[in-house]
Amino acid sequence: MGAGPYFEGQLAQCLYDIYQGEATAGDMAHLAALYVGVIFLVQLARAGKRYSVRLFANRVSRTMRHTLYHSLVRLDAHALQQENLGNLMTKAMGDVDACAEGMRKFTTEFFDTGVAMVGYVGMLLAYDWRLALLCLIFPPVSYICAELMKGNVQRTGAACKKA
C-alpha cells in the first residue's frame with residue numbers, strides 16, 4: 001500500500017524531468033521495472049500470507065472437528081438416546097465452521113491493517129516527521145472519543161429496545 005503512491009510519485013517526477021530534459025526514457029523504464037518488481041514481491045507476500053492463514057484456519061477446523069467427534073463417540077448410550085445425534089452434529093459442525101472462518105477473517109484483517117498502518121507511519125516519518133507526529137495524534141483521540149460515547153450509545157440503544 002505504501003509502495004504504490006511512492007512509485008507513482010517517482011514516475012510522475014521522472015516524467016516531468018524527461019520533459020525538462022533532465023532525465024531520459026531509460027530512467028523511466030528503469031523506474032517502471034523497479035515498480036513492477038516491488039509490486040510483484042508485494043503480491044507474492046500477500047499470496048504467502050493468504051496461504052498460511054488458510055492453513056491455520058484449516059488446521060484449527062480439523063482439530064476442532066477431531067475433538068468434537070471424539071467427545072461424541074465417548075458419550076454413553078443413555079445420553080445419545082436422549083439427544084438427536086444428527087441435529088447435534090449438524091449444529092456443532094456449523095459452529096466449528098463459523099469459528100474457523102471467523103478466526104481466518106480476524107487474522108487476515110488484523111495482519112492487513114497492521115501492515116498498512118506500519119507502512120503508512122513509516123512513509124509519513126520518511127516524508128516529514130512533524131507531519132507524522134501530527135497525524136499520529138488522531139487515532140488515540142478518536143479511540144478516547146469512541147469510549148466516551150459508548151455509554152451514551154448503549155443507554156440510547158437500550159431505551160429504544162425498551163420502547
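Numbers here are sequence positions counted from 1. Every heavy atom of this structure was used, including side-chain atoms; hydrogens, water molecules and symmetry mates were not.
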Side chain to side chain contact (heavy atoms under 4.5 Å, CB included) between Val60 and Arg104, intermediate numbers included | CA-CA 10 Å; Val60 167; Arg104 183 191 66 76; over 6 Å; no
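- The list of side chain to side chain donor-acceptor pair (under 3.5 Å) pairs with a residue in residues 121-143, not counting sequence neighbours, is empty.
- Annotation: side chain of Ile18 is not in contact with side chain of Thr24 (no heavy-atom distance under 4.5 Å).
- Sorted by first and then second residue, the salt bridge (charged side-chain N to carboxylate O under 4.0 Å, His left out) pairs with a member in residues 13-36 form an empty list; sequence neighbours excluded.
- Val153 and Leu148 end up in different hydrophobic clusters when Ile, Leu, Val, Met, Phe, Trp and Tyr side chains are linked at under 4.5 Å.
- The 12-atom threshold is exceeded at NE2 of His70, counting heavy atoms of other residues, nucleotides or ligands nearer than 6.0 Å.
- Salt bridge Arg50/Asp112: absent, no basic N to carboxylate O contact under 4.0 Å.
- Between the CE atom of Met103 and the OG1 atom of Thr107 there is a distance of 6.5 Å, given to the nearest 0.5 Å.
- The side chain to side chain donor-acceptor pair (under 3.5 Å) search around Lys150 returns Glu147, not counting sequence neighbours.
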Step by step, work out the side chain to side chain contact (heavy atoms under 4.5 Å, CB included) result for Tyr69 and Arg65.
-> CA-CA 6 Å; Tyr69 173 74; Arg65 286 173 188 265; over 6 Å; no
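- In terms of the side chain to side chain donor-acceptor pair (under 3.5 Å) criterion, Lys105 has no residue partners (sequence neighbours excluded).
- Interatomic distance, Leu68 CG to His66 NE2, rounded to the nearest 0.5 Å: 11.0 Å.
- Of all non-hydrogen atoms in Ala32 and Leu11, the two that sit nearest each other are N-CD2, 3.9 Å.
- Panel note: side chain Ser52, backbone Lys49; a donor-acceptor pair is recorded below 3.5 Å.
- Met64 contributes atom CE, which lies 10.0 Å from atom CE of Met93 (distance to the nearest 0.5 angstrom).
- Hydrophobic clustering, with ILVMFWY side chains joined whenever heavy atoms are under 4.5 angstrom apart, groups Tyr6 together with Leu31.
- Hydrophobic clustering places Val38 together with Met123 (ILVMFWY residues linked when any side-chain heavy atoms are closer than 4.5 Å, directly or through intermediates).
- Partners of Gln43 according to the side chain to side chain donor-acceptor pair (under 3.5 Å) rule, which considers only residues two or more places apart in sequence or in another chain, are Arg46.
- Considering CD1 of Ile39 and CG of Leu44, their distance stands at 12.5 Å, rounded to 0.5 Å.
- Leu133 and Val121 fall within a single hydrophobic cluster, where Ile, Leu, Val, Met, Phe, Trp and Tyr side chains are chained together by heavy-atom contacts under 4.5 Å.
- Remark: Gln13 CD to Met28 CE distance equals 10.0 Å, nearest 0.5 Å.
- Within the structure, every pair that satisfies the ring-ring contact (aromatic ring centres under 6.0 Å, His included) test and touches residues 8-59, not counting sequence neighbours, is listed here: Phe7-Tyr35.
- In plain terms, the two heavy atoms of Ala100 and Ser61 that are nearest each other are CB-CB, 3.8 Å.
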